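Each chain gets a letter, A, B and so on, in the order its sequence line appears, and its residues count up from 1. Being a predicted model, the structure only gives us computed values, none of them experimental.
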Amino acid sequence: MLDAVRETWKSLIEEQLALYAKEVFGTDVQLPPLAVQTPPKPELGDLAFPLFAYAKMLRTAPPMLASSLKTRLEKVEDRPLGDLLVAGPYLNVRIDTAALATALSVQLSEQKELYGTNKSMAEKRVTIEFSCPNTNKPLHLGHMRNDSLGESVAAILKANGATVRKVNLINNRGVHICKSMLAYQKFGNGETPQSSGIKGDHLVGKYYVMFAQWAKEDPTAEDQAQEMLRQWEAGNEQVIELWKLMNGWTLDGLHESYQKMGISFDAYYYESETYKYGKDEILKGLEQGVFYREEDGSVWVDLEPIKLDKKVLLRKDGTSLYMTQDVGTAIMRHKDWPFDSLIYVVASEQQYHFRVLFYVLDRLGYDWAKDLHHLSYGMVNLPDGKMKSREGTVVDADELVDTLTSLARKEIEAKEREALVDDIEKTSQSIALGALNYYLLQVTPTKDMIFNPAESISFNGNTGPYLQYMGARISSMLRKYESEYADIQKLGFDSSLLTLSDERELIKQIALYPEVVRKAGASYDPSLLCSYLYDLSKLFSRWYHDNPVLKAATPDLVRSRIELATMVLQVLKNAFGLVGIPFLASM
RNA sequence: GCGCUCGUAGCUCAGCUGGAUAGAGCGCCGGACUUCGAAUCCGUAGGUCGAAGGUUCGAAUCCUUCCGGGCGCACCA
């Protein structure tokens with residue numbers, strides 16, 4: 001809604017600039033588009049239009065130009081509400097926030113949880129692939145950034161009107177899977193999740209670690225794992241049985257973790273089925289002459305056109321590779337559910353892989369290759385360096401969630417709020433999730449980030465729980481309002497009473513929300529919403545601290561401030577849904 | 001060596017298509033609860049935006065070079 005106001009002023013001023021230029025030069029002049037900015041301080045208005053470029057062209061000092069434009073604009077009859085002010089070389093506008101608030105109030109009460117959504121991607125079918133765990137160990141912090149991003153981007157795209165299909169490709173085959181199987185075969189003694197009380201994925205992970213230890217002492221271990229893989233591919237019954245058994249354990253564990261973390265998928269793919277795909281496609285490409293065969297029989301693609309070297313696509317024995325599979329999988333997916341766009345949420349270390357993959361698909365003649373996107377995100381490091389599974393510094397996902405949950409519970413108990421929250425366990429878990437998702441999504445995806453455990457468990461400052469707390473406080477106040485202020489509820493909303501600087505800022509921030517949703521969607525960047533949420537919450541918090549709402553001076557003022565708080569609450573809820581922060585009416 | 005990417009306060013991060021005095025959180029120090037939830041709010045200190053050139057009326061933002069960190073450059077996935 002703010003963008004509409006901005007556009008109106010912009011084109012109005014541009015119009016006047018053009019007229020002015022015409023007078024000066026006696027002919028139509030092509031002027032550069034006017035920049036719209038936000039003034040650094042509220043006193044300077046709400047919109048800023050820098051005039052440097054035009055002043056130079058028209059040979060006037062910018063402040064002179066600003067004031068003559070102001071005079072001209074004030075004569076325009078049907079101009080929008082709001083005041084013009086000259087601020088040095090800028091022509092600024094103080095918009096009519098009361099009118100804006102009235103319009104917002106209507107829009108919000110009609111749209112409710114749909115406020116902020118739009119139809120810009122209404123025709124788009126988007127497949128988003130994320131998570132893609134191996135079935136030899138439980139989820140860790142690295143997966144969590146991936147999962148948070150995947151879920152959030154999916155939600156953001158939906159908010160922009162897209163039809164989204166979330167898919168997960170389970171990496172359930174390969175030599176690394178065989179390693180945990182082999183270790184289990186040797187040392188397992190029939191242990192099961194039931195017998196040991198260990199969650200399935202953790203149990204399998206335990207044997208994966210055990211393999212690594214064993215391999216240090218026994219140099220034949222690696223070969224044995226390779227041999228087991230050959231048996232798996234040959235369909236050896238015993239091996240397949242063990243594989244099914246252990247994969248089942250892991251998947252049960254992973255599903256439990258997903259559920260706890262609010263992660264879900266529309267479709268699952270399994271590498272044990274997809275790993276054979278792609279071979280035919282590569283051979284077809286060979287026939288078409290887009291690939292070539294080396295003397296030893298292997299098939300290659302020349303990457304000179306994208307300034308890379310070359311890449312093998314089929315081994316000399318005709319077996320496929322990671323790249324081959326991904327080519328096949330993409331094609332199969334497009335047949336399965338034709339998409340307008342496919343997003344791969346995968347760590348930045350695989351940038352090269354995706355550049356090649358997209359190029360290969362393009363060479364094969366798939367015109368949708370241009371619609372593939374690698375949402376590349378940076379590494380998650382610890383304050384003292386990288387996570388190393390060998391050194392045991394990997395942060396386990398289940399453990400982290402549990403730790404945060406119990407800390408949240410302690411906090412609730414310490415504040416003696418058990419009675420306020422209906423289900424303390426559920427609430428604690430929601431706080432933990434809010435803290436984690438916000439922590440992980442706050443950073444621009446492409447950047448590496450440092451995960452500071454001490455900081456992540458903090459509920460103060462710029463954190464998920466801080467945002468949740470604002471939601472809880474507003475909810476609490478509104479409950480009180482609804483039960484005790486029947487008379488005031490009958491009054492109408494008078495937006496002209498919201499004249500404080502903080503109130504004007506809040507109104508603008510509420511109006512800004514739809515744009516943030518749009519931008520976050522266009523750039524696949526949830527961190528924009530995180531920043532937005534923090535700004536909104538901080539603004540609200542300060543205003544709420546300084547100004548009484550229910551105890552405001554007059555009934556009309558109470559009514560108006562309640563309306564403002566109600567709008568803030570709705571926007572908080574809506575935005576929470578896009579970044580994985582559970583809303584809590586009390587905490 | 002080549003390619004990609006990132007260097008902003010002690011630490012973790014913002015900074016929109018170049019624009020007004022570069023912002024938050026944490027931490028430090030100091031304030032604010034008989035009043036709507038103090039998981040809160042307010043204030044002080046803290047920066048040659050990695051360095052040097054260049055483009056521009058104007059650069060943290062764009063270009064070049066250099067320095068420093070990360071990640072890739074497998075007939076592994």
Side-chain angles (χ1 to χ4, degrees), chain A residues 33 35-41 44 48 50 52-53 55-56 62 87-90 92 132 134 171 173-177 271 275 294 296 298-300 307-309 311-317 319-326 347-353 355 376 378-379 381 383 386 408 411-412 414-415 417 420 431 439 442-444 446-452 454-456 458-463 465-466 468-470 472-478 480-481 484 515-516 519 523 527-528 530-531 534-535 538 541-552 558 561-562 565 586-587:
Chain A
V36 195
Q37 289 158 4
T38 309
K41 284 195 287 189
L44 295 171
F52 305 96
K56 197 184 179 191
Y90 294 84
N92 290 3
C132 305
N134 291 327
N171 297 308
R173 53 139 258 134
V175 72
H176 52 297
I177 305 298
E271 201 201 339
Y275 85 106
E294 274 290 347
D296 67 357
S298 53
V299 178
W300 296 70
K307 296 205 159 41
L308 295 173
D309 199 6
K311 181 83 184 173
V312 66
L313 297 174
L314 280 180
R315 292 194 184 92
K316 63 187 170 200
D317 62 6
T319 55
S320 67
L321 293 107
Y322 176 41
M323 185 65 68
T324 326
Q325 295 173 35
D326 260 9
S348 59
E349 54 195 358
Q350 294 199 36
Q351 279 184 52
Y352 171 84
H353 173 78
R355 282 188 67 189
S376 159
M379 309 264 95
N381 298 314
K386 292 193 64 159
E411 192 76 11
I412 293 170
K415 296 184 190 311
R417 290 199 183 138
L420 255 174
I431 293 169
Y439 194 94
Q442 205 182 4
V443 181
T444 308
T446 52
K447 287 195 179 181
D448 287 354
M449 66 178 287
I450 291 179
F451 184 88
N452 186 328
E455 202 176 284
S456 77
S458 162
F459 299 147
N460 305 324
N462 188 359
T463 64
Y466 170 84
Q468 288 173 314
Y469 182 60
M470 288 312 132
R473 286 171 83 191
I474 300 175
S475 304
S476 166
M477 177 177 62
L478 292 180
K480 194 161 189 176
Y481 172 72
E484 299 172 22
E515 268 173 74
V516 179
K519 257 186 209 170
S523 53
S527 75
L528 299 177
C530 292
S531 301
Y534 183 67
D535 290 342
K538 200 173 154 54
S541 190
R542 188 175 61 198
W543 172 73
Y544 188 57
H545 179 271
D546 294 346
N547 304 103
V549 176
L550 292 175
K551 291 176 181 161
V558 172
R561 288 186 173 167
I562 281 290
S586 58
M587 62 188 277

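- When the C1' atom is compared between B/G46 and B/C11, the two are found 12 Å apart, to the nearest whole Å.
- Side-chain atoms of A/Tyr322 and A/Gln350 include a donor-acceptor pair closer than 3.5 Å.
- Take A/Tyr469 and apply the ring pair (Phe, Tyr, Trp, His ring centres under 6.0 Å) test, not counting sequence neighbours, and it matches no residue.
- Residue contacts for A/Val36: at a heavy-atom cut-off of 4.0 Å it reaches a base atom on one of the strands shown.
- Nucleic acid contact class of A/Lys415 (heavy atoms, under 4.0 Å, all strands): base.
- In textbook terms, a nucleotide whose glycosidic angle is within 90° of 0 is syn, and B/C33 is one such case.
- A side-chain donor-acceptor contact under 3.5 Å links A/Asp317 and A/Thr319.
- Which of B/U40, B/G7, B/A77 sits closest to the side chain of A/Arg173 comes down to B/A77.
- Annotation: B/A51 and B/C57 have their C1' atoms spaced 26 Å apart (nearest Å).
- Using a 3.5 Å distance cut-off with no hydrogens or angles, the side chains of A/Asn171 and A/His176 do not pair a donor with an acceptor.
- Note on ring orientation: taking the six-membered ring where Trp is involved, the planes of A/Phe451 and A/Tyr439 are perpendicular (angle over 60°, cut-offs 30° and 60°).
- B/C26 and B/U61: their C1' atoms are spaced 26 Å apart (whole Å).
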Pairs counted as Watson-Crick or G-U wobble with both distances under 3.5 Å: what dot-bracket string results for RNA chain B, using | for bases tied to another strand? (((((((..((((.....[...))))..((((.......))))......(((((..]....))))))))))))....
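- When distances run from any side-chain atom of A/Ile450 to the nucleotides B/A77, B/U12, B/G3, the shortest one goes to B/U12.
- Residue A/Ala87 is the one, among A/Met587 and A/Ala87, whose nearest nucleotide of RNA chain B lies closer to the 5' end (criterion: closest heavy atom).
- Using a 4.0 Å heavy-atom criterion, one finds that A/Val443 contacts the sugar-phosphate atoms exclusively.
- Between A/Tyr352 and B/C73, no base-stacking contact is recorded for ring centres under 5.5 Å apart and planes less than 30° from parallel.
- Take A/Glu411 and apply the side chain to side chain donor-acceptor pair (under 3.5 Å) test, not counting sequence neighbours, and it matches A/Lys415.
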